[in-house]
Amino acid sequence: MTDTPFRSDFLRTIEARGAYQNCTEPEALDALLGNVRVTAYIGFDCTAPSLHIGSLVQIMTLRRFQQAGHKPIVLMGSGTTKVGDPSGKDESRQLLSTEQIEANKKSILRIFERFLTFGDGPTDAVMVDNAEWLDKLEYIPFLRDIGRHFTINKMLTMDSVKLRLERDQSLSFLEFNYMILQAYDFMELYRRYGCRLQCGGSDQWGNIVNGIDLGRRVADAQLFGLTSPLMTTASGAKMGKTAAGAVWLNADMFSPYDYWQYWRNTEDRDVGRFLRLFTDMPSDEIARLEALQGAELNQAKKVLATETTALAHGRTAAEQAAETARRTFEEGAIDEGLPTYEIAAEKLKGLALTSLAQMSGLTASASEARRHIEGGGLRVNDVAVKDVKAVVGASDITGKGVIKLSIGKKKHILVKPV
């Protein structure tokens, strides 16, 4: 929280929603946002075919920025992905080929169209790729013109560098350059688009400040930085991870039903906070929902699940996921809306159930499936499996031509022989 209330709609909103951590010059930025239309950016590297919900606070920040009448830039980091951001990492990222990076970028682009309005209007979002300028840089001129503004002394104090060195972990010269390239991005976006603000997670504070300093030195520009807190659950767990892996934002990597279920399983203490951060619901309605107690709080969790899924996957997909969950849990039905795993019929015959559970994504490993069987938690067509050596038989295929695998009451998948 700040000492004095913000006057600009954007800063008031993100503070009230719990997405404000720090700002380089809060009073000056607040005045600027209140007087003119501002352009801001957040960068997203292309390290995977999808972003996961660890990026959702940043995506929602751009959404709030546009809703407040300003212009957001989504910066795709095809150029910086070739280097790899060392922030928060214990080891170097795997280097990807240019073809892999391009494929990842195209896959990631789809998610932003759900959250932002793109176009040529004054507040319409634009998507930019830093490879446009980074790939064209010449090494010696870049060192002479940009590198001279960075001291090794200061670079060694950055958390992304210092933590690696303190732990005696390898930090490549390639990664060491990442902070310079990110700073250069900010200056280049200022030159090309008049971008005055960079937003990011709190782990990006040092990189953001570097960009502000570079813009002042080279372009005599007053730039600003704004960070949001890194997200953890009330119990301290990092958001975006499940036993089976990351909670991806692309539907082809994490189904709308699974996405709905992830939010439905939110811890009680997080319901209000997540409604403020990840939905557009009005504050008074959020206050009413988070005040619910006991079993009634489950209704608030269903609202959270449906509203977050509607933003990421559309209202129709969200309502279908909610109805699938209702039918599955309340009626015990085998609903076609459940996530489906297709497998060749000849491979299915005689396959160990523990292997099928892993292959379908129900469990992260066969050993995890075995533990669930031993604990009585893994079921086939709602019947508990008692033998860890059980295999799939023809009788397991229902009249609908599928096998329903379940763990507990909340995790289900349909196996469909093809």
To the nearest 0.5 Å, tell me how far [X] [atom1] sits from [Y] [atom2].
X: I212; Y: T24; atom1: CD1; atom2: OG1; result: 4.0 Å
X: F112; Y: L249; atom1: CZ; atom2: CG; result: 8.5 Å
X: N210; Y: H149; atom1: CG; atom2: NE2; result: 12.5 Å
X: T80; Y: D45; atom1: OG1; atom2: CG; result: 3.5 Å
X: Q67; Y: M60; atom1: CD; atom2: CE; result: 7.0 Å
X: L181; Y: N177; atom1: CG; atom2: CG; result: 6.0 Å

Notebook entry, point to check: What's the verdict on side chain to side chain contact (heavy atoms under 4.5 Å, CB included) for Y184 and L134, showing C-alpha distance, side-chain angles and the deciding distance?
Noted result: CA-CA 9 Å; Y184 186 78; L134 294 183; 3.9 Å; yes

Margin query: Suppose the criterion is side-chain hydrogen bond (donor to acceptor under 3.5 Å, both in side chains): which pairs have a residue in residues 115-129, not counting sequence neighbours?
Written below: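 Every pair satisfying side-chain hydrogen bond (donor to acceptor under 3.5 Å, both in side chains) with a residue in residues 115-129: S78-D129, K105-D129.
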
Note to self: Using a 6.0 Å cut-off, check whether atom CG of D220 has over 12 heavy atoms from anything other than its own residue.
What the structure shows: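 At most 12 heavy atoms, drawn from other residues, nucleotides or ligands, come within 6.0 Å of this atom.
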
Does [Y] offer a backbone N or O that forms a donor-acceptor pair with the side chain of [X] under 3.5 Å?
X: T227; Y: Q21; result: no
X: K301; Y: T266; result: yes
X: R114; Y: H313; result: yes
X: T308; Y: A305; result: yes
X: R196; Y: F224; result: no
X: S107; Y: A103; result: no
X: H70; Y: V38; result: yes
X: T81; Y: I101; result: no

Margin query: Checking R371 against E368 for the salt bridge (Lys or Arg N to Asp or Glu O under 4.0 Å) test, could you report, in this order, the C-alpha distance in whole Å, the side-chain angles of both residues, the deciding distance, and whether it holds?
Written below: CA-CA 5 Å; R371 289 194 297 273; E368 181 190 340; 5.1 Å; no

Could you pull out the closest heavy-atom pair between [X] and [Y], with the gap in Å?
X: N130; Y: G79; answer: OD1-N, 2.8 Å
X: G211; Y: L223; answer: O-CD1, 3.9 Å
X: S202; Y: L230; answer: OG-CG, 3.3 Å
X: L96; Y: C46; answer: CD1-O, 3.7 Å
X: G121; Y: K71; answer: O-NZ, 3.1 Å
X: W260; Y: A325; answer: CZ3-CB, 3.5 Å

Heavy-atom side-chain proximity of [X] to [Y] below 4.5 angstrom:
X: F186; Y: N207; answer: no
X: V74; Y: L109; answer: no
X: I59; Y: L51; answer: yes
X: Q58; Y: S228; answer: yes
X: Q198; Y: D185; answer: no
X: F65; Y: T61; answer: no
X: P72; Y: R63; answer: no
X: R273; Y: E267; answer: no

Run the ring pair (Phe, Tyr, Trp, His ring centres under 6.0 Å) test against [X] and tell me which residues pass, sequence neighbours left out.
X: F118; answer: none
X: W248; answer: H52
X: Y190; answer: none
X: F274; answer: W263, F278

Margin query: Would D252 and R110 count as a side chain to side chain contact (heavy atoms under 4.5 Å, CB included) here? Give the steps.
Written below: CA-CA 11 Å; D252 56 349; R110 291 174 285 164; 3.4 Å; yes

Check: Does one side chain, of D270 or T233, offer a donor that lies under 3.5 Å from an acceptor on the other?
Finding: no

Note to self: Suppose the criterion is salt bridge (Lys or Arg N to Asp or Glu O under 4.0 Å): which pairs have a residue in residues 135-145, not counting sequence neighbours?
What the structure shows: K82-D135

Margin query: Filter on salt bridge (Lys or Arg N to Asp or Glu O under 4.0 Å), then keep only pairs touching residues 20-40, sequence neighbours left out; what's left?
Written below: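 For residues 20-40: none.
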
Listed partners of [X] passing side-chain contact (heavy atoms from CB on, under 4.5 Å), at least two apart:
X: L292; answer: L289, E296, L297, A300
X: Y193; answer: I73, V128, L189
X: R276; answer: R17, I286, E290

Note to self: Could you walk me through whether I403 and V380 satisfy the side chain to side chain contact (heavy atoms under 4.5 Å, CB included) test, starting with their C-alpha distance in whole Å, then the side-chain angles of each, then the deciding distance to 0.1 Å, before giving a yes or no?
What the structure shows: CA-CA 7 Å; I403 302 170; V380 174; 3.7 Å; yes

Next item on the list: Apply salt bridge (Lys or Arg N to Asp or Glu O under 4.0 Å) to R315 and list each qualifying residue two or more places apart in sequence or on a separate chain.
Entry: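 If we apply the salt bridge (Lys or Arg N to Asp or Glu O under 4.0 Å) test to R315, skipping adjacent residues, the hits are E307.
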
Notebook entry, point to check: salt bridge (Lys or Arg N to Asp or Glu O under 4.0 Å) with E113: which residues, sequence neighbours excluded?
Noted result: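 Once residues adjacent in sequence are excluded, E113 has no partner under the salt bridge (Lys or Arg N to Asp or Glu O under 4.0 Å) criterion.
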
Next item on the list: Determine whether the aromatic ring centres of F254 and Y262 lie less than 6.0 Å apart.
Entry: no

Next item on the list: Please assess F10 against L226 for the test side chain to side chain contact (heavy atoms under 4.5 Å, CB included), listing each intermediate value before the final yes or no.
Entry: CA-CA 12 Å; F10 171 65; L226 179 71; 3.6 Å; yes

Notebook entry, point to check: Between R326 and E323, is there a side-chain N and carboxylate O pair less than 4.0 Å apart?
Noted result: yes

